[in-house]
Peer 1: 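First the structure, then my questions, so here it is.
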Amino acid sequence: MRYSPTLVDHFLNPRNAGMMRDPDGTGESEYAGCGDLARFFLRVREGRAVEVRVQTYGCGPTIAAASAASELARGRAVAHLCDLEADEVEAALGGLPEDRKHAAAVAAGGLRAAAHDHLSRESGRV
Amino acid sequence: MHAEAVRLTALRNRLWEGVRSRVPEVRLSGHPTDRLPGTASLLVRHVESESIVLGLDLKGIAVSAGSACTAGSVEPSHVLVAMSVPLDWAMGAVRCSLGGSTTPEDIDYVIECVDSVVKKLREALPVGAA
């Protein structure tokens, strides 16, 4: 099996899948090569992502990466999510084959976009 | 050989009729009758084919993504694109190949699994994606 047991688990049991009513931040990322997409929704309290939801279109690794990223994000400061790298998402999955590295990039990019969206909204309120 | 072709055609038709009756937004690519008896190329709208392949593989079912000519590629089949299949259908192309050992029970199991795998994948789709 070319995928780790952790990746397979996230694919079969994706965490935090779905939409969110009135999110405090929304963002998505797409991989142009195959159209894989991950869209994240954040609920933020006192600068932290207390709830995360994610919708995903794409290959199994992308679905798994989005799931893993949603778990990484919970409880984390939104400002830190702006710097989330694909390497961290890949590590949370137990690795990715070379031809599926884009899955971690899509997930990390989507979360960063959601974090930036929240901070933009906050700065607009000031 | 003719008897085997008849048997495979019946199984292939059983597969398609079963999937069509249970899975919304699925099509069969190619001519409905003038086709090889043992293959069925299913187009599942708005669901990426590799995720279907993986989901079925984990249930012990081996299928291929895309058309035969593009198996192993992450891009949509150039054949399906040339046939003017819209991208949101072409990206969900899954090819099923039946053989000498395929039984009606196998087909019924595949139908059940395609239904459950696609249903689960569609639950977390972004609205308006692909």
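In the text below, chain A, chain B and the rest are named by the order of the sequence lines, each starting its count at 1.
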Peer 1: Looking at B:L58 and A:F11, what are the two nearest heavy atoms and their distance?
Peer 2: CD1-CD2, 3.9 Å

Peer 1: Mark yes when over 12 heavy atoms from residues, nucleotides or ligands other than A:R45 sit less than 6.0 Å from its CZ; otherwise mark no.
Peer 2: yes

Peer 1: Report whether B:V114 and A:L12 are members of the same hydrophobic cluster (ILVMFWY, side-chain heavy atoms less than 4.5 Å apart, transitive linking).
Peer 2: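 Same cluster.
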
Peer 1: Highest number of heavy-atom pairs under 4.5 Å with chain B: which of A:P61, A:G58, A:A64, A:A17?
Peer 2: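 So the answer, after comparing A:P61, A:G58, A:A64, A:A17, is A:G58.
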
Peer 1: Check B:E48 against A:Y57 and note the closest heavy-atom contact, atom names and distance.
Peer 2: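 Nearest heavy atoms, B:E48 then A:Y57: N-CE1, 3.5 Å.
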
Peer 1: Start with the C-alpha gap between A:T56 and B:L121, add the side-chain angles, then the distance that decides, and say whether side chain to side chain contact (heavy atoms under 4.5 Å, CB included) holds.
Peer 2: CA-CA 9 Å; A:T56 320; B:L121 291 168; over 6 Å; no

Peer 1: Honestly curious: do B:V44 and B:V19 fall in one hydrophobic cluster under the side-chain, below-4.5 Å linking rule?
Peer 2: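 Shared cluster, yes.
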
Peer 1: Linking I/L/V/M/F/W/Y whenever their side-chain heavy atoms sit closer than 4.5 Å, directly or via other members, would A:V50 and A:V78 fall into one cluster?
Peer 2: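 No, it is not one cluster - the side chains of A:V50 and A:V78 are not joined through contacts under 4.5 Å.
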
Peer 1: Could you tell me the separation between the CZ atom of A:R2 and the CG atom of B:L54, rounded to the nearest 0.5 Å?
Peer 2: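 Spacing of CZ (A:R2) from CG (B:L54) equals 9.5 Å.
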
Peer 1: Following the transitive rule for hydrophobic clusters with a side-chain heavy-atom cut-off under 4.5 Å over Ile, Leu, Val, Met, Phe, Trp and Tyr, establish whether B:V63 and B:M91 coincide in one cluster.
Peer 2: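 Yes, B:V63 and B:M91 fall within the same hydrophobic cluster.
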
Peer 1: Could you tell me which non-hydrogen atom of A:N13 sits nearest to which non-hydrogen atom of B:K120, and how far apart they are?
Peer 2: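 Reported closest heavy-atom pair: OD1-NZ, 4.1 Å.
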
Peer 1: Can you measure from CG (A:L37) to CG (B:L125) and round to the nearest 0.5 angstrom?
Peer 2: 10.0 Å

Peer 1: Tell me whether B:V53 is reachable from B:L15 by hopping between hydrophobic residues (I, L, V, M, F, W, Y) whose side-chain heavy atoms are closer than 4.5 Å.
Peer 2: yes

Peer 1: Heavy-atom distance under 4.5 Å to chain A: side chain of B:V47, backbone, both or neither?
Peer 2: backbone

Peer 1: Would you name the heavy atoms of A:C59 and B:E50 that are closest together and state the gap between them?
Peer 2: CB-OE1, 3.2 Å

